[in-house]
Amino acid sequence: MNSADQPSPAISFAGVTKRYGPVLALDQVSFTIQPGEMVALLGPNGAGKSTTVDVLLGLRHPDSGTARVLGQAPQRATGSGRVGAMLQSGSLPDRALVSEVVELARTLYQARYTLASLLELTGLTELAHRRTDRLSGGQARRVQLAIALAGDPDVLFLDEPTTGLDVASRRLFWDGVRRAAASGTTVLFATHYLDEADANASRVLVLAGGHLVADGGPAAIKARLAGQIIRAAMQPAPGSDLRALPGVLAATVNGAEVELRTSDPDRTLHAMYRSGACIRNLRLDGASLEEALIHLTTPPARSTL
């Protein structure tokens with residue numbers, strides 16, 4: 001495929017900088033997202049995630065650089081009805097029926113789902129005649145998702161959409177998002193729940209201090225943390241000399257529980273068994289997304305890895 005045949009990006013960020021007084025929220029951040037991708041935006045508090053979403057929705061303007069959504073300025077793309085969004089805060093009309101709220105959102109768009117299909121997509125069919133003031137937190141967030149999807153958007157933005165929800169509610173919520181993505185909707189979501197990013201994103205963008213510090217699939221992001229992780233219980237409890245074992249890059253000791261990041265698991269394990277300690281509950285894993293994220297976003301002088 002030559003460049004003329006390649007689709008235009010659904011989202012593009014080119015050298016975007018945004019300040020709030022003396023605070024630099026985004027510093028020359030650049031990335032593109034292709035149509036149909038489902039991308040997680042990760043980073044610690046204050047990394048610039050919400051500012052990125054706000055710029056892409058046209059709610060804030062960059063101080064320099066350009067942002068485009070579906071080839072248009074963000075405000076124009078949002079005004080066209082081709083963009084859906086769920087922000088961190090939001091409320092529903094009091095005492096209205098779920099079906100009434102979703103139908104009101106649906107009538108605002110020309111290209112849209114039927115009411116029945118939208119309720120089914122977001123798992124709300126059985127709640128259609130329940131009042132909004134009698135919904136659980138997870139149910140209310142699914143109604144907000146239905147509102148965001150009402151126009152069958154080409155691009156969907158989600159900013160911390162499942163904060164405070166229990167595991168079952170989060171699972172139901174993401175089932176609806178995945179089904180929308182399967183129909184071709186491009187999804188960019190910011191989350192602190194790294195299991196959500198690992199399970200749902202085909203690609204991860206990591207922000208730290210206003211900079212884009214990593215961009216790749218979850219497996220590639222995890223591979224940025226060198227070595228493998230050995231976890232075990234050792235009796236008697238080991239001392240600090242674990243860091244001197246062959247291949248060990250970093251060690252954490254909590255009583256009898258040890259966690260070793262090693263570049264050579266075979267040599268490390270051989271030395272552990274030769275120490276004469278009783279070793280139980282041995283596990284050998286690759287780095288988790290959480291461990292990789294901490295490694296990528298922690299300043300070197302403060303890193304424990």
Side-chain angles (χ1 to χ4, degrees), residues 9-13 16-18 20 23-27 29-34 36-62 65 67-69 74 77-78 83-90 137-138 140-142 144-145 147-149 153-165 169-171 173-178 180-181 185-218 221-222 288-290 292-294 296-297:
I11 296 169
S12 65
F13 233 48
V16 171
T17 296
K18 179 63 181 177
Y20 302 108
V23 178
L24 184 60
L26 295 173
D27 186 8
V29 173
S30 298
F31 61 84
T32 60
I33 297 175
Q34 297 303 319
E37 283 194 282
M38 191 163 175
V39 179
L41 188 61
L42 305 181
N45 288 332
K49 303 187 300 298
S50 291
T51 297
T52 298
V53 173
D54 286 350
V55 168
L56 287 168
L57 286 171
L59 300 176
R60 299 186 186 276
H61 298 285
R68 291 290 182 268
V69 179
T78 302
V83 175
M86 270 185 68
L87 302 182
Q88 291 188 45
S89 60
R141 290 303 266 172
R142 297 210 311 274
Q144 292 170 339
L145 176 62
I147 293 170
L149 291 172
D154 294 313
V155 176
L156 176 65
F157 294 105
L158 305 170
D159 191 5
E160 305 289 351
T162 60
T163 298
L165 301 189
S169 296
R170 288 167 57 197
R171 186 180 299 115
F173 180 91
W174 285 107
D175 180 63
V177 174
R178 285 193 300 271
T185 298
T186 303
V187 180
L188 176 63
F189 66 94
T191 183
H192 281 300
Y193 293 117
L194 302 187
D195 58 323
E196 293 183 345
D198 212 357
N200 297 297
S202 58
R203 182 174 158 209
V204 172
L205 305 175
V206 180
L207 290 172
H211 297 274
L212 183 66
V213 297
D215 179 355
I221 297 297
K222 288 182 281 189
S288 69
L289 189 57
E290 179 178 8
L293 187 67
I294 292 171
L296 289 166
T297 60

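Note that these values count all heavy atoms, side chains included, but never hydrogens, waters or copies made by symmetry. Sequential numbering from 1 along the given sequence is applied to the chain's residues.
- Between L24 atom CG and T17 atom OG1 the span is 6.5 Å, to the nearest 0.5 Å.
- Annotation: salt bridge (Lys or Arg N to Asp or Glu O under 4.0 Å) contacts of D159 (sequence neighbours excluded): none.
- Take F173 and apply the ring-ring contact (aromatic ring centres under 6.0 Å, His included) test, not counting sequence neighbours, and it matches no residue.
- Between D54 and K18 there is no salt bridge, since no side-chain N of the basic residue sits under 4.0 Å from a carboxylate O of the acidic one.
- With contacts defined as side-chain heavy-atom distances shorter than 4.5 Å, the pair L42/H192 does not qualify.
- In terms of the side chain to side chain donor-acceptor pair (under 3.5 Å) criterion, residue partners of R141 (sequence neighbours excluded) are, by chain and number, Q144.
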**Q.** CA sep, side-chain torsions, deciding dist, call: E160, M86, side-chain contact (heavy atoms from CB on, under 4.5 Å)
**A.** CA-CA 8 Å; E160 305 289 351; M86 270 185 68; over 6 Å; no
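- Contact check for T185 versus D154: no side-chain heavy atoms found under the 4.5 Å cut-off.
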Extract all donor-acceptor atom pairs below 3.5 Å that involve side chains of residues 197-214 and protein atoms in other chains or at least two apart in sequence.
| from | atom 1 | to | atom 2 | distance (Å) |
| --- | --- | --- | --- | --- |
| D198 | OD1 | K222 | NZ | 3.4 |
| D198 | OD2 | K222 | NZ | 3.2 |
| N200 | OD1 | R178 | NH1 | 2.6 |
| N200 | ND2 | E196 | O | 2.9 |
| S202 | OG | M38 | O | 3.2 |
| R203 | NE | D215 | OD1 | 2.8 |
| R203 | NH1 | T32 | O | 2.8 |
| R203 | NH1 | E37 | OE1 | 3.1 |
| R203 | NH2 | T32 | O | 2.9 |
| R203 | NH2 | D215 | OD1 | 3.4 |
| R203 | NH2 | D215 | OD2 | 2.9 |
| H211 | NE2 | D27 | OD2 | 3.4 |

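- Donor-acceptor pairing under 3.5 Å is lacking for the side chains of T163 and Q88.
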Q.
Using the rule given for ring pair (Phe, Tyr, Trp, His ring centres under 6.0 Å), can you reason through W174 versus Y193, listing the C-alpha separation, both sets of side-chain angles and the distance that settles it, and then say yes or no?
A. CA-CA 12 Å; W174 285 107; Y193 293 117; 9.5 Å; no
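- Atom CG of L158 is separated from atom CG of L145 by 7.0 Å, given to the nearest 0.5 angstrom.
- The nearest pair of heavy atoms linking A85 to A148 is O-CB, 3.5 Å.
- With sequence neighbours left out, the ring-ring contact (aromatic ring centres under 6.0 Å, His included) criterion links F31 to F13.
- Other residues, nucleotides and ligands contribute at most 12 non-hydrogen atoms within 6.0 Å of the CD atom of E290.
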**Q.** Step-by-step side-chain contact (heavy atoms from CB on, under 4.5 Å) determination, L188 to V155
**A.** CA-CA 8 Å; L188 176 63; V155 176; 6.0 Å; no
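- Closest of all the heavy-atom pairs between P62 and V16 is CB-CG1, 3.7 Å.
- For P74 against G58, the heavy-atom pair with the smallest separation is CB-N, 3.5 Å.
- Rounded to the nearest 0.5 angstrom, T162 OG1 and R171 CZ are separated by 12.5 Å.
- Minimum heavy-atom separation, K49 to A190: CB-CB, 4.2 Å.
- For T78 (side chain) and V83 (main-chain N/O), no donor-acceptor pair under 3.5 Å exists by modelled atom type.
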Q: List the steps, then state whether side-chain contact (heavy atoms from CB on, under 4.5 Å) holds for I221 with L296.
A: CA-CA 9 Å; I221 297 297; L296 289 166; 3.9 Å; yes
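- The CZ atom of F157 sits 5.5 Å away from atom CG of L57, with the distance rounded to the nearest 0.5 Å.
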Q: May I have the step-by-step check of side-chain contact (heavy atoms from CB on, under 4.5 Å) for L149 and L156, ending in yes or no?
A: CA-CA 8 Å; L149 291 172; L156 176 65; 3.8 Å; yes
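- Within the 4.5 Å cutoff, the side chain of I11 has heavy atoms near those of the L56 side chain.
- Using a 4.5 Å cut-off on side-chain heavy atoms (C-beta onward), F189 and V53 make no contact.
- For S169, the side chain to side chain donor-acceptor pair (under 3.5 Å) criterion is met by D166, not counting sequence neighbours.
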